[in-house]
Amino acid sequence: MNEIVDKNLNLEITNKQLFNICLRTKHLKNSNSLETYKSIGGYEQIKKILKNKLDPQQLIDEIKISGLRGRGGAGFPTGIKWSFMPRDYDGIKYIVCNSDEGEPGTFKDRDIIRHNPHQLIEGMLIGAYIMNAQVGYNYIHGEIWEEYVSFEKAIEEARKAGLLGKNIFGSGFNFELHAFHGYGAYICGEETALIESIEGKKGQPRYKPPFPATYGIYGKPTNVNNTETYASIPWIIENGGQAFMAHGVKNSGGTKIFSVSGHVEKPGNYEIELGMPFEQLLKEAGGVWKGRKLKAVIPGGPSTPVVPADIIRNATIDYDGLAKIGSSVGAGSMIVMDETTCMVSALKRLSYFFYEESCGQCTPCREGTGWVYRIISRIYQGQATLDDLDLLTDVSKKISGRTICALGDAAATPVLSFIKHFRDEFEVFIKNGKKLVN
């Protein structure tokens, strides 16, 4: 493999490709059917595991070798998280698939549900066996109805084929799976708010500890992982952890789906080998639209820091590569902005989103997000002073790290990064009123 080291950023740039693992049935006829999934070896891994009663700890070790990290944003190592679940707990345990993608620019999980639901189901079955869970839920975002219906159909197909329910493959292993249609609240993407919602309560985060692995749904041990995380598991078990790791780079094993949107010619979902250079991914998405120049990119969704074009051009798309340039992988919601983008207008829209979606439980978030949005609105309207920029920074820093969940940090992150990299645009609005940029 050819390797080039960029001396300025000290990033290892490798030749990486598009490689479908989670979306491997997408281009097949009737991609979401049980028959199609079985035609590529679907459900053979859970069958092998149950027939041979494979050691759960050995399976966890294989997942650790793979380097698979949570694909919903936090990036926590999956094998370690699964090892937190008490296998010998005497009582019911739950696993939950978090398909509540409510952040702007995020649309990868619905493609997995739409095109490859059975691989997700098999991944949850394997997870249930490893963690000795009896019941699972797929919590699907409330604003996507067709995917919910599609997943219900896939569950029914699997149940009729004896792949869900009691005594699966005659092994004595029992697992029931349900689709749960959420309420469209962004906060329910946080795992404890999601658990509260499943219990029929208002979706608000819980204090941690205790963590879900010890006190989750109805006070029982519960594991929560992202759709893409669970959907990666059957391929890892089939091909081995080392094979999955080989499709990534150090500390970033395997593939990751990036939902590329904004000012590109071909917006969509791109499953890439982690470590791919940003320029290569941009090229896969058709490049910046209308022949314009790149101005900035939000690599992992609005809760990750924005990066100017001159910095991200030499970056690799992986956990360490993006961290080195001051951003992160997040959920893989890449928003591309061309040279005509008004950064004040963009930040105003993002800040309104976080203000609107705050659950209101924590004072710094409830009051702070509204305060931030109002200050940015004043700047946009040409009614602010230069002191307001310092106030905006101060308020954002005092929100971050002072809330029960990470929404406060998510709301502060775009503010601080936009001002850091594009302060001059904010100053133009303050001094001259609205700039003629849309």
Residues Arg114 and Glu147 bridged, charged N to O under 4.0 Å: yes

Any chance you could lay out the side chain to side chain contact (heavy atoms under 4.5 Å, CB included) test for Leu407 and Tyr186, step after step, and finish with the verdict? CA-CA 9 Å; Leu407 193 146; Tyr186 172 63; 3.7 Å; yes

Out of curiosity, Ile198 CD1 to Ile195 CD1, how far, rounded to the nearest 0.5 Å? 7.0 Å

For Leu194, does its backbone N or O pair with a side-chain atom of Asp100 as donor and acceptor, under 3.5 Å? no

Between the side chain of Ser417 and the main-chain N/O of Thr413, is any donor-acceptor distance below 3.5 Å? yes

Find the distance between NZ (Lys64) and CG (Leu59) and round it off to the nearest 0.5 Å. 12.0 Å

Start with the C-alpha gap between Arg423 and Asp390, add the side-chain angles, then the distance that decides, and say whether salt bridge (charged side-chain N to carboxylate O under 4.0 Å, His left out) holds. CA-CA 11 Å; Arg423 186 183 181 97; Asp390 295 329; 3.6 Å; yes

Using side-chain heavy atoms (C-beta onward) and a distance below 4.5 Å, is Thr222 in contact with Tyr215? no

Under 3.5 Å: donor-acceptor pair, side chain of Asn116, backbone of Cys22: yes

Under 3.5 Å donor-acceptor, Arg366 side chain and Cys359 backbone: no

More than 12 non-hydrogen atoms from neighbouring residues, nucleotides or ligands closer than 6.0 Å to OH on Tyr183, yes or no? no

Do NZ/NE/NH1/NH2 and the carboxylate oxygens of Lys153 and Glu156 come within less than 4.0 Å? no

Run the side chain to side chain contact (heavy atoms under 4.5 Å, CB included) check on Val249 and Lys16 step by step: do they pass? CA-CA 10 Å; Val249 292; Lys16 291 292 181 179; 3.9 Å; yes

Distance-only, no hydrogens or angles: does the Thr316 side chain make a donor-acceptor pair with backbone N or O of Asp318 under 3.5 Å? no

Passing candidate, side-chain hydrogen bond (donor to acceptor under 3.5 Å, both in side chains) with Ser99, options Asp109, Thr227, Asn226: Thr227

Neighbour count >12 (heavy atoms, 6.0 Å) for atom NZ, Lys208: yes

Should Lys47 and Glu122 count as an ion pair when the cut-off is N to O under 4.0 Å? no

So do the side chains of Phe353 and Pro302 get within less than 4.5 Å of each other, counting heavy atoms only? no

Tell me whether Ser171 contacts the main-chain N or O of Asn167 through its side chain, where contact means a donor paired with an acceptor under 3.5 Å. no

For the residue pair Asn223 and Tyr94, establish whether any side-chain heavy-atom pair is separated by less than 4.5 Å. no

Do the charged groups of Asp394 and Lys398 touch, with an N to O distance under 4.0 Å? yes

For Arg159, is there an ion pair with Glu176 - N to carboxylate O distance below 4.0 angstrom? yes

With salt bridge (charged side-chain N to carboxylate O under 4.0 Å, His left out) as the test, would you mind laying out the steps for Glu101 and Lys108 before giving the verdict? CA-CA 8 Å; Glu101 49 179 3; Lys108 66 183 180 65; 5.4 Å; no

Apply salt bridge (charged side-chain N to carboxylate O under 4.0 Å, His left out) to Arg206 and Glu190, showing your working. CA-CA 10 Å; Arg206 296 175 178 177; Glu190 195 280 332; over 6 Å; no

Cation-pi check, Arg313 to Phe278: give yes when NZ or CZ is under 6.0 Å from the six-membered ring centre and within 45° of the ring axis, no otherwise. no

Between Phe354 and Trp371, is the ring centre distance below 6.0 Å? no

Nearest 0.5 angstrom please: Ile168 CD1 to Tyr129 OH, how far? 12.0 Å

Are there over 12 heavy-atom neighbours, none belonging to Gln242, within less than 6.0 Å of that residue's CD? no

Taking everything shown except Lys48 itself, do over 12 heavy atoms lie less than 6.0 Å from its NZ? yes

Rounded distance (nearest 0.5 Å) linking atom CE of Met343 with atom CD1 of Ile419: 11.5 Å

Going by the angle between their ring planes, with limits at 30° and 60°, are Tyr137 and Phe180 parallel, tilted or perpendicular? perpendicular

Under 4.5 Å between any side-chain heavy atoms of Ile298 and Met337, yes or no? yes

Flag the pair Tyr270 / Phe258 as yes when their ring centroid distance falls below 6.0 Å, and as no otherwise. no

Side chain of Gln134, backbone of Asn174: donor and acceptor closer than 3.5 Å? no

Check this for me, if you would: do Lys202 and Glu196 make a salt bridge, where the nitrogen-to-carboxylate-oxygen distance has to be below 4.0 angstrom? no

Nearest-0.5 Å distance, CG of residue Leu125 to CZ of residue Phe169: 8.5 Å

How are the rings of Tyr352 and Tyr355 set relative to one another: parallel (under 30°), tilted (30 to 60°) or perpendicular (over 60°)? perpendicular

Consider only side-chain N and O atoms of Thr106 and Ser333, and report whether a donor and an acceptor are under 3.5 Å apart. yes

Should the pair Arg24-Asp111 be classified as a salt bridge under the 4.0 Å nitrogen-to-oxygen rule? no

CD/Glu279 to CD1/Ile317 distance, rounded to the nearest 0.5 angstrom? 10.0 Å

Between the side chains of Thr255 and Glu271, is a donor N or O closer than 3.5 angstrom to an acceptor N or O? yes

Step through it carefully: locate the ring centre of Tyr37, locate the ring centre of Tyr43, and say whether they are under 6.0 Å apart. yes

Is a donor from one side chain sitting under 3.5 angstrom from an acceptor on the other, for Asp61 and Gln58? no

Report yes or no: does Ser33 contribute a side-chain atom to a donor-acceptor pair with the main-chain N or O of Thr36 at less than 3.5 Å? yes

Is Val329 close to Thr304 at the side-chain level, that is, under 4.5 Å between some pair of heavy atoms? no

Compute whether any side-chain donor of one residue and acceptor of the other, for Ser303 and Glu103, lie under 3.5 angstrom apart. yes

With no hydrogens and no angle check, just 3.5 Å: does a side-chain donor-acceptor pair link Gln280 and Lys283? no

Please confirm whether the backbone N or O of Leu322 pairs with a side-chain atom of Ser327, one donor and one acceptor, at under 3.5 Å? no

Using the ring of each side chain (for Trp, its six-membered ring), is Trp235 parallel, tilted or perpendicular to His247, with breaks at 30° and 60°? perpendicular

Is any side-chain heavy atom of Val260 less than 4.5 Å from a side-chain heavy atom of Glu284? no

If you define the side chain from C-beta out and look only at heavy atoms, does anything of Thr341 sit under 4.5 Å from His263? yes

Are Asp409 and Ser400 linked by a side-chain donor-acceptor pair shorter than 3.5 Å? yes

I'd like to know if the side chain of Glu157 and the backbone of His118 have a donor-acceptor N/O pair within less than 3.5 Å. no

Do Arg71 and Lys256 make a side-chain contact, defined as non-hydrogen atoms from C-beta onward lying under 4.5 Å apart? yes

The residue among Ile112, Ile113, Asn32 that forms side-chain contact (heavy atoms from CB on, under 4.5 Å) with Phe151 is Ile113

